[in-house]
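Notes to accompany the following structure.
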Amino acid sequence: MESEEKGRNDARVITVSSGKGGVGKTTATANLGISLASLGKRVVVIDADIGLRNLDIIMGLENRIVYDLVDVVEGRSKLRQAMIKHKKFDNLFLIPAAQTRDKMAVSPEDMMRLTDELREDCDYILIDSPAGIERGFRNALEPADEVLIVTNPEVSAVRDADRIVGLIEAAEKGPGKLIINRLKTELVRKGEMLSSDDVYDILGLAIIGIIPEDEMVLSASNSGIPVSLNMNSQAGMAFGNIARRIMGEDVPFMNLDGNPGILRRFLRLFDGR
C-alpha cells in the first residue's frame, strides 16, 4: 500500500508540444496515452487546445463529452465530471478542450491547480499543447515535469521546433525530448528528407522516439481507434516503445533502414551519452 501511495503522489506531467500544426502532435498524445494505459498505468490526457478540440475525435470519445476543461476552470463542473473514461481502458481518461471559447479562458495558474489535483491518483498526465508559442502553449507548459517536442523531418517543421526549444529552456522546463514523426526512409536515402541525425544536429535534443510514415495512422485517427492498438502497424509499435521509454525501460529503436550503426547512435542520443 505504501508503494502504491508513493506512485500516485509521483505522477508525472508530460506536455506534448510542437512548433507548428500538422506534424502529428495530437495523434502522438492520443497514442502515448493509449500505450501507457495498456501497460497498466493510470493516465489522464488533457486537451489544452481550446477552440479547436481534436483529441476527443482521435480517441473516439467525441460523443461522450458533457463537460470540458473550461467548465472545470470556471466552476460549472467538478474535475471528475469532466473526465471521460476510455471505451477500452478503465485506467485512461480524457479531459476535453472547450470548442467555443478562446485560449484566454484558461490561465497557467488554472492548469497548475488542475494538474496538482490530478497528481494524487494517477501515474501520468499528458497535456496536448496547442501548436505555436502563444497563450495556450504557456498554459500547457506551466505544470510540465517533462516536455516532448513532436516534429517532422523537414526544414520548416524543425525550424519552428527550434523556437519551442528556446521557450522551454527559458521557462526552465528543459531539455525537452524529440519525437520525430512521419519519417520516410526512402526519401532520406534519396536526400529528399532530413535524417534523424540531421534533426538531432540542428536541435541538439535527445530523441525519445522515431515514428515511421504509416498509412494506418490516418485511417486509425478517422475511425477513433488509435494506431497504437494495432500491433500490425509499425507506427503503433513505435508509440508503444516510446511509452516504455517514458516509463524508464531501455527499449531499442526499431531498425527502419537496416543500418545497425544508426540504431546505436539513436540509443546514445536517448541516453544522453
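Hydrogens, waters and symmetry mates are skipped; everything else that's a heavy atom, side chains included, is used. The first residue of the sequence shown is numbered 1, and numbering continues consecutively from there. This is a predicted model, so every value here is computed, not measured.
For Ser35, there are no side-chain hydrogen bond (donor to acceptor under 3.5 Å, both in side chains) partners, not counting sequence neighbours. Listed by chain and number, the residues in a side-chain hydrogen bond (donor to acceptor under 3.5 Å, both in side chains) with Asn139 are Arg135 (sequence neighbours excluded). Residues satisfying the side-chain hydrogen bond (donor to acceptor under 3.5 Å, both in side chains) criterion with Ser107, sequence neighbours excluded, are Glu109, Asp110.
Between the NZ atom of Lys184 and the CD atom of Glu192 there is a distance of 10.0 Å, given to the nearest 0.5 Å. A distance of 12.0 Å separates CG in Leu61 from NZ in Lys85, rounded to the nearest 0.5 Å. Atom CD1 of Ile14 and atom CD1 of Ile208 lie 7.5 Å apart (nearest 0.5 Å). Atom-to-atom distance recorded for Ile225:CD1 and Lys87:NZ is 8.0 Å, nearest 0.5 angstrom. Distance check: Cys122 SG to Leu92 CG gives 11.0 Å after rounding to the nearest 0.5 Å. Ile242 contributes atom CD1, which lies 4.0 Å from atom CD1 of Ile179 (distance to the nearest 0.5 angstrom).
Listed here is the closest heavy atom pair of Ser196 and Leu183: OG-CD2, 4.0 Å. The shortest heavy-atom contact between Val150 and Ser18 is O-CB, 3.4 Å. Closest non-hydrogen pair, Gly209 versus Arg245, comes out as CA-NH1, 3.9 Å. Heavy-atom minimum distance, Ile127 versus Ala140: CG2-CB, 3.6 Å. Minimum interatomic distance between Gly40 and Asn91 (heavy atoms only, all atoms of both residues): C-ND2, 3.7 Å. Residues Asn241 and Pro252 come closest through the heavy atom pair ND2-O, 4.3 Å.
Clustering ILVMFWY residues whenever any of their side-chain heavy atoms sit less than 4.5 angstrom apart, transitively, puts Ile58 in a cluster other than the one holding Ile50. A continuous path of Ile, Leu, Val, Met, Phe, Trp and Tyr side chains, each step under 4.5 Å between heavy atoms, connects Leu229 with Val45, placing both in one hydrophobic cluster. Hydrophobic clustering (side-chain heavy atoms under 4.5 Å, transitive across Ile, Leu, Val, Met, Phe, Trp, Tyr) keeps Leu218 apart from Leu187. Hydrophobic clustering, with ILVMFWY side chains joined whenever heavy atoms are under 4.5 angstrom apart, groups Leu178 together with Val188. In terms of hydrophobic clustering, with Ile, Leu, Val, Met, Phe, Trp and Tyr side chains grouped at heavy-atom distances under 4.5 Å, Met112 and Val16 are assigned to different clusters.
For residues 88-146, the ring-ring contact (aromatic ring centres under 6.0 Å, His included) pairs, not counting sequence neighbours, are His86-Phe89. Counting only residues at least two apart or in different chains, salt bridge (Lys or Arg N to Asp or Glu O under 4.0 Å) contacts with residues 18-33 comprise Lys20-Glu154, Lys25-Asp128. Residue pairs satisfying the side-chain hydrogen bond (donor to acceptor under 3.5 Å, both in side chains) criterion with at least one member in residues 41-56, sequence neighbours excluded, are listed as follows: Arg53-Gln99. Residue pairs meeting the salt bridge (Lys or Arg N to Asp or Glu O under 4.0 Å) criterion with at least one member in residues 206-234, sequence neighbours excluded: Arg182-Glu213. For residues 217-247, the set of pairs meeting the ring-ring contact (aromatic ring centres under 6.0 Å, His included) definition, not counting sequence neighbours, is empty.
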Item to check | Pair Thr27-Ile211, side chain to side chain contact (heavy atoms under 4.5 Å, CB included): steps then yes or no | outcome: CA-CA 11 Å; Thr27 297; Ile211 313 298; over 6 Å; no
Item to check | Derivation of the side chain to side chain contact (heavy atoms under 4.5 Å, CB included) call for Leu205 and Lys177 | outcome: CA-CA 6 Å; Leu205 295 181; Lys177 292 179 181 175; over 6 Å; no
Checklist entry - Would Leu148 and Leu32 satisfy side chain to side chain contact (heavy atoms under 4.5 Å, CB included), going step by step from the backbone distance to the final call? => result CA-CA 11 Å; Leu148 305 182; Leu32 291 177; 3.9 Å; yes
Item to check | Test side chain to side chain contact (heavy atoms under 4.5 Å, CB included) applied to Leu114 and Leu69, step by step | outcome: CA-CA 9 Å; Leu114 187 146; Leu69 178 61; 3.4 Å; yes
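In terms of modelled atom types and a separation under 3.5 Å, the side chain of Arg12 and the main chain of Met247 share no donor-acceptor contact. The main-chain N or O of Ser195 is found under 3.5 Å from a side-chain atom of Asp198 such that the two form a donor-acceptor pair. Between the side chain of Asn152 and the main chain of Val23, a donor-acceptor pair closer than 3.5 Å is present. Panel note: side chain Arg244, backbone Glu249; no donor-acceptor pair is recorded below 3.5 Å.
Within a 6.0 Å sphere centred on CE of Met237, heavy atoms belonging to other residues, nucleotides or ligands number 12 at most.
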Can I get a per-line list of side-chain donor-acceptor pairs under 3.5 Å for residues 158-174, giving both atom names and the distance, sequence neighbours left out?
| residue | atom | partner | partner atom | Å |
| --- | --- | --- | --- | --- |
| Lys173 | NZ | Glu142 | O | 2.8 |
| Lys173 | NZ | Ala144 | O | 3.2 |

Could you give the side-chain donor-acceptor pairs of residues 75-84 under 3.5 Å, partners two or more places apart or in another chain?
| residue | atom | partner | partner atom | Å |
| --- | --- | --- | --- | --- |
| Arg76 | NE | Asp71 | OD1 | 2.8 |
| Arg76 | NH1 | Glu74 | OE1 | 2.7 |
| Arg76 | NH2 | Asp71 | OD1 | 3.0 |
| Arg76 | NH2 | Glu74 | OE1 | 2.9 |
| Arg80 | NH2 | Asp121 | OD2 | 2.8 |
| Gln81 | OE1 | Lys78 | N | 2.8 |

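Under the 4.5 angstrom side-chain criterion for Ile, Leu, Val, Met, Phe, Trp and Tyr, the cluster partners of Val66 are Tyr67.
In summary, Arg113 and Asp116 do not engage in a salt bridge, as defined by a charged side-chain N under 4.0 Å from a carboxylate O.
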